[in-house]
Amino acid sequence: QKQLVESGGGLVQPGGSLRLTCTASGFTLENYAIGWFRLAPGKEREGVSCISRNERDTHYADSVKGRFTISKDNAKNTIYLQMNSLNPEDPANYYCAADSFTAGGDCHPFRYLEVWGQGTLVNVSS
């Protein structure tokens, strides 16, 4: 069973930080493009940050550049998203995803068809 499980969401004040974790089981992330996506009420699913399958390309949405950092620990088969300077535009359900068929560098959600996590909720409020 190929699975991804997210954790680390919660409530944080504006300007605060969270680190999201996504752990894979049943497959190895080394052979997959991986990414973090978010879905907020009334908005389309957005690619937040992705690493291509060959690990040569890393994408960040313009809205999170300089604030969020994606990383992957192949030894632990785990993906992280460090989120700093959170603002009221960031609340959403955050998902990790992986796909072995796409290069994945463009971080478009429709490219990621193979494995999705259940999501972890991020809230930003004073």
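The first residue in the sequence is number 1, and the count goes up from there.
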Gap between atom CG of Asn54 and atom CG of Asn31 - 0.5 Å precision | 12.0 Å
Under-4.0 Å salt bridge between Arg111 and Asp106 | yes
Are Glu114 and Ser100 close enough that a side-chain donor and a side-chain acceptor fall under 3.5 Å?
-> yes
Just by modelled atom types, is the Lys76 backbone N or O under 3.5 Å from a matching donor or acceptor in the Asp73 side chain?
-> yes
Might you work through the side chain to side chain contact (heavy atoms under 4.5 Å, CB included) test for Asp90 and Met83, ending with a clear yes or no?
-> CA-CA 10 Å; Asp90 295 320; Met83 304 186 295; over 6 Å; no
Begin with the C-alpha distance, continue with both residues' side-chain angles, and end with the deciding distance and a verdict on side chain to side chain contact (heavy atoms under 4.5 Å, CB included) for Arg45 and Phe110.
-> CA-CA 9 Å; Arg45 193 180 301 268; Phe110 61 83; over 6 Å; no
Could you tell me whether the side chain of Arg38 and the main chain of Ala92 form a donor-acceptor pair under 3.5 Å?
-> no
Counting N and O atoms only, with roles assigned by atom type, does the side chain of Tyr94 sit under 3.5 Å from a partner on the main chain of Val48, one being a donor and the other an acceptor?
-> no
Does Thr21 reach the main-chain N or O of Gly8 with its side chain, forming a donor-acceptor pair under 3.5 Å?
-> no
Distance (rounded to the nearest 0.5 Å) between Ser71 OG and Tyr80 OH | 7.0 Å
Less than 4.0 Å between a side-chain N and a carboxylate O, is that true for Glu30 and Arg53?
-> no
Just by modelled atom types, is the Ala24 backbone N or O under 3.5 Å from a matching donor or acceptor in the Asn77 side chain?
-> yes
Straight-line distance of Ser7 OG to Arg19 CZ, nearest 0.5 Å = 8.5 Å
Contacts satisfying ring-ring contact (aromatic ring centres under 6.0 Å, His included) that involve residues 4-44 (not counting sequence neighbours) are Phe27-Tyr32, Phe37-Tyr112, Phe37-Trp116
Just by distance, do the side chain of Ser63 and the backbone of Ala61 share a donor-acceptor pair under 3.5 Å?
-> no
Determine yes or no for a side-chain-to-main-chain donor-acceptor pair under 3.5 angstrom, with Asn93 supplying the side chain and Leu39 the backbone.
-> no
Note: Pro88 and Val124 closest approach over all heavy atoms is N-CG1, 4.2 Å
Hey, could you give me the OG/CZ distance between Ser17 and Arg67, rounded to the nearest 0.5 Å?
-> 10.0 Å
For Asn123 and Gly10, indicate whether the former's side chain and the latter's backbone hold a donor-acceptor pair under 3.5 Å.
-> no
Counting N and O atoms only, with roles assigned by atom type, does the side chain of Glu6 sit under 3.5 Å from a partner on the main chain of Gly119, one being a donor and the other an acceptor?
-> yes
So Ile70 and Ile79, side chain to side chain contact (heavy atoms under 4.5 Å, CB included) or not? Walk me through it.
-> CA-CA 7 Å; Ile70 189 171; Ile79 312 161; 4.2 Å; yes
Output for pair (Leu121 CG, Leu11 CG), nearest 0.5 Å, gives 9.5 Å
What distance separates Gln3 CD from Ser25 OG, expressed to the nearest 0.5 Å?
-> 4.5 Å
Single-linkage hydrophobic cluster, 4.5 Å side-chain cutoff, Ile51 and Leu81 together = yes
